[in-house]
A.B. asks: 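Encoded as structure tokens, here's the structure I'll be asking about.
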Amino acid sequence: YGTSSQGDSAETYPKGFRGGACTIETENLIIGYSGYYLPAGYESPEDTPRSPHVPVQCGKVPEPSAVNISIDLLYPESARNFLLSQRLVKIVAVDDMEKELEILSAPAQQYPSGVITQAFKLSEAGQYILYLEGKNTENVNIQVKVPLKVGLDWQDHFRKLFSTFLKND
């Protein structure tokens with residue numbers, strides 16, 4: 001699996017477990033993640049029995065919106081004892097160089113359930129990264145990057161428009 005479900009060479013790809021969650025593997029940690037967004041302008045009826053949130057495939061959010069992300073600490077099991085912080089950044093271009101603009105951060109803590117949840121609003125189209133950072137039980141640094149792309153570019157619109165004619169591999 002050298003490519004993600006989008007066909008690029010990202011470190012993310014679906015494994016087909018936990019409802020189709022995508023995974024990211026690093027040398028010291030394997031996570032599964034899934035996301036959901038609330039479409040812009042959605043008004044929830046008061047008597048609705050279900051969530052209006054729409055699933056996001058491997059970090060592709062079609063439009064700026066409120067996003068909920070769930071991260072499963074898959075391997076090693078001792079990851080539940082790691083102190084992990086979260087940091088959300090937006091990638092911006094400054095003088096022809098990419099810079100990271102920090103949007104939010106959460107202090108390091110343990111996740112005994114093995115599940116990390118985070119909700120935030122991404123108000124602009126662009127590329128974002130949610131970092132999980134900390135140290136494992138052997139005091140080795142850990143950094144996992146969860147990519148988030150907000151907004152669709154022309155290739156995405158082309159794929160959607162001509163999806164019935166494109167070859168499925």
A.B. asks: Using links of under 4.5 Å between side-chain heavy atoms of ILVMFWY residues, direct or through other members, which residues join Leu83 in one cluster?
C.D. replies: none

A.B. asks: Are side-chain heavy atoms of Val150 and Ser123 found at a separation under 4.5 Å?
C.D. replies: no

A.B. asks: Should side-chain heavy atoms under 4.5 Å link Ile, Leu, Val, Met, Phe, Trp and Tyr, which residues sit in the same cluster as Ile129?
C.D. replies: Val89, Ile91, Tyr131

A.B. asks: Just to verify, what does Glu100 make a salt bridge (charged side-chain N to carboxylate O under 4.0 Å, His left out) with, not counting sequence neighbours?
C.D. replies: Arg87

A.B. asks: Just wondering, more than 12 heavy atoms not from Glu77 lying within 6.0 Å of its CD?
C.D. replies: no

A.B. asks: Do Ser65 and Tyr36 have side-chain heavy atoms sitting under 4.5 Å apart?
C.D. replies: no

A.B. asks: Give a yes or no on whether the backbone of Ile30 and the side-chain of Glu25 come within a donor-acceptor separation of less than 3.5 Å.
C.D. replies: no

A.B. asks: Give a yes or no on whether the backbone of Met97 and the side-chain of Asp95 come within a donor-acceptor separation of less than 3.5 Å.
C.D. replies: no

A.B. asks: Show the nearest heavy-atom pair for residues Ala125 and Pro64, with the distance to one decimal.
C.D. replies: N-CG, 3.7 Å

A.B. asks: Of all heavy-atom pairs between Ser70 and Val115, which one has the smallest distance, and what is that distance?
C.D. replies: OG-CG1, 3.8 Å

A.B. asks: Would you find a donor on one side and an acceptor on the other, under 3.5 Å apart, between the side chain of Ser113 and the backbone of Tyr111?
C.D. replies: no

A.B. asks: So with a 6.0 Å cut-off around NZ of Lys135, is the heavy-atom count from everything else above 12?
C.D. replies: yes

A.B. asks: Do Ile103 and Phe120 have side chains that approach each other closer than 4.5 Å (heavy atoms only, starting at C-beta)?
C.D. replies: no

A.B. asks: Decide yes or no for Leu122 and Tyr37: does some side-chain heavy atom of the first lie under 4.5 Å from some side-chain heavy atom of the second?
C.D. replies: no

A.B. asks: Checking side-chain contact (heavy atoms from CB on, under 4.5 Å) for the pair Gln109/Leu84: CA distance, chi angles, key distance, verdict?
C.D. replies: CA-CA 5 Å; Gln109 68 180 66; Leu84 296 171; over 6 Å; no

A.B. asks: What residue among Val67, Asn68, Leu104 forms side chain to side chain contact (heavy atoms under 4.5 Å, CB included) with Gln118?
C.D. replies: Leu104

A.B. asks: Side chains of Leu29 and Tyr75: closer than 4.5 Å at any heavy-atom pair?
C.D. replies: no

A.B. asks: If you apply the rule side-chain contact (heavy atoms from CB on, under 4.5 Å), what do you find for Gln86 with Ile116, and how did you get there?
C.D. replies: CA-CA 10 Å; Gln86 299 172 57; Ile116 301 169; 3.4 Å; yes

